[in-house]
2 protein chains.
Amino acid sequence: MTVNPPDIPGVVISRLPVYARALALLRAEGREVVSSQELGQELGVTPAQIRKDLSYFGRFGKQGRGYNVGLLLDQLRTILGLDREWRLALVGVGRLGQAILGYGGFSPQGFKVVRAFDSDPARIGTAIDHLIVEDVADLEESLRNDPVDIGIVAVPGDYAQEVIDTLVASGVQSILNYAPIVSRVPAGVHLKQIDPVLELQSMTYHLKRLQDQGGQDALSSGKA
Amino acid sequence: MTVNPPDIPGVVISRLPVYARALALLRAEGREVVSSQELGQELGVTPAQIRKDLSYFGRFGKQGRGYNVGLLLDQLRTILGLDREWRLALVGVGRLGQAILGYGGFSPQGFKVVRAFDSDPARIGTAIDHLIVEDVADLEESLRNDPVDIGIVAVPGDYAQEVIDTLVASGVQSILNYAPIVSRVPAGVHLKQIDPVLELQSMTYHLKRLQDQGGQDALSSGKA
DNA sequence: GTATGTGAACTCTTTCACAGCC
DNA sequence: GGCTGTGAAAGAGTTCACATAC
């Protein structure tokens, strides 16, 4: 059954794929059992956090022993829905979009890009990586006729919100957005952002402080 | 001066670039003043959160009026260190690495990729986008002679931890990792992950629940 | 009147610590 | 003995609400 649990924190869910990845590695190495202690060491996470996270979903371990690697991995894959294939539509087949199509990391994990859209007449109708590029003007109709599970947005920032709105109107409930914009979606739609510039811009905060103190080899700030 | 404030939560810092982006947009539109109310609406964030976040760094607003767009933007850029140029080294010039080099979004924000490394003899010594690809075997020596601020890792997963360790050994304190691995760095080094698969894998959690209930229009799970 | 800046209240997460089981 | 699962405690982060300033 695996009945829908009521209210599991988002941060917990976002950690499960990380656990699954580590477990897959352990299984590939032939490990059969692992403790929360070991797993935590591997991941830089406290053992208590791992146990607490897992406890939202059931009791997967054996006291005195630990977790069966293969069993826990299967459970996590089931919980996350990684035991099926997911159909993605890519919007934007420019340089970034083509890199996404060419990326070999999605399909082994069950994510298949099955549709591609663009607005450039030079690209519409051409085949890229087994896909015929469709006109983005037909996006809504096309997705209504033959739905996908997830939309990937890889268009320039100026068009991204518009594309996101169209995806939502077409019934897509999960969107992965590569465009560097502040985007909003209605409640109930899940949007994740891939934004390297944002990541860099928060790293520079720390770098700046390192550099500004760099000269004066140590103890320069007030106390201790 | 802008003296190093003691302990500002990481989540606060990660929101500042988002505020800065929204402010840059407002400025481009000619807006001169904005309230936390409006800005919050734009970003899907509470006004109180914006005010609290900003209050860690100073008092930038005027009561009864709001924030001067240009002034606040400049302050944020200074706080984040976006008022200078940052030098990046890219490790891995395969398909992904080339997409990163070709991405036009970094340099307008002051992030210049000034070095590129690879292990493939066919690529070493060739020029890509103004850069001569260096041998990754020389990574540490090269970076010691001529340091960069940030390292970008775009090698296959199997080599990524090794590359990250070498970057750290070379004195790099901020790393942006595109490889889909669970990586660890010593305390003091800042590592950010760009990992679309991880994002997708947490989105499927919600999708699965939508789908599993999809058929049976409502109330079907055990109790309540 | 209007909107900031901020202590206090609240909510959400993480960690502790130990009973229970292997 | 060893490790899980979990209430309780501690710690972070967010929101409230109002004094203060324009």
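Below, chain A is the first sequence line, B the second, and so on; all start at residue 1. Because the structure is a prediction, the values reported are computed rather than measured.
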Between A:G61 and B:G64, whichever has its closest DNA chain D nucleotide further toward 5' is A:G61

Charged N to carboxylate O below 4.0 Å: is that the case for B:R115 and B:D149? no

Rounded to the nearest Å, what distance is computed from the CZ atom of residue B:R65 to the P atom of nucleotide C:dA3? 11 Å

Return the orientation label for the B:H190 and A:H206 ring planes: parallel under 30°, perpendicular over 60°, tilted otherwise. parallel

Determine, for B:Y205 and B:R209, whether the Lys NZ or Arg CZ falls below 6.0 Å from the six-membered ring centre while staying within 45 degrees of the axis. yes

Assess the residue pair B:R31 and B:E38 against the criterion (salt bridge (charged side-chain N to carboxylate O under 4.0 Å, His left out)); give the C-alpha distance rounded to whole Å, side-chain angles, the decisive distance to 0.1 Å, and a yes or no. CA-CA 12 Å; B:R31 286 292 303 278; B:E38 286 174 287; 3.0 Å; yes

Collect all protein-nucleotide pairs involving nucleotides 15-19 of chain C in which both atoms are nitrogen or oxygen and the distance is under 3.5 Å.
unit_1 : atom_1 : unit_2 : atom_2 : d
C:dT15 : OP2    : A:T46  : OG1    : 2.9
C:dA17 : N6     : A:R51  : NH2    : 3.2

Less than 4.5 Å apart, side chain to side chain, heavy atoms only: is that true for A:N68 and A:F60? no

Roughly, in whole Å, what's the span from CG in B:L54 to P in D:dT14? 13 Å

If only side-chain N and O atoms of A:R59 are considered, is one of them under 4.0 Å from the OP1 or OP2 phosphate oxygen of D:dT6? yes

Below 4.0 angstrom from OP1 or OP2 of C:dA3, is there any side-chain N or O of B:S36? no

Between atom CG in A:L72 and atom C1' in D:dC3, what is the gap in whole Å? 14 Å

Can you check the B:Q37 CD to D:dT15 C1' distance for me, whole Å? 14 Å

Whole angstroms only, please: what is the OH-P distance between B:Y56 and C:dT4? 18 Å

Residues that B:D165 engages under side-chain contact (heavy atoms from CB on, under 4.5 Å), provided they are two or more places apart: B:Q161

With a 4.0 Å cut-off on heavy atoms, is A:P47 in touch with a base, just the backbone sugar-phosphate, or nothing at all? nothing

Separation of A:D53 atom CG from D:dT6 atom C1', in whole Å? 13 Å

Rounding to a whole Å, what distance do you find between A:F57:CZ and D:dT6:P? 13 Å

Could you state the CD1-P distance from A:I8 to C:dC12, rounded to the nearest angstrom? 15 Å

B:R27/B:E32 ion pair, N-O < 4.0 Å: no

Is there a side-chain contact between B:Y67 and the phosphate of D:dC22, meaning an N or O under 4.0 Å from OP1 or OP2? no

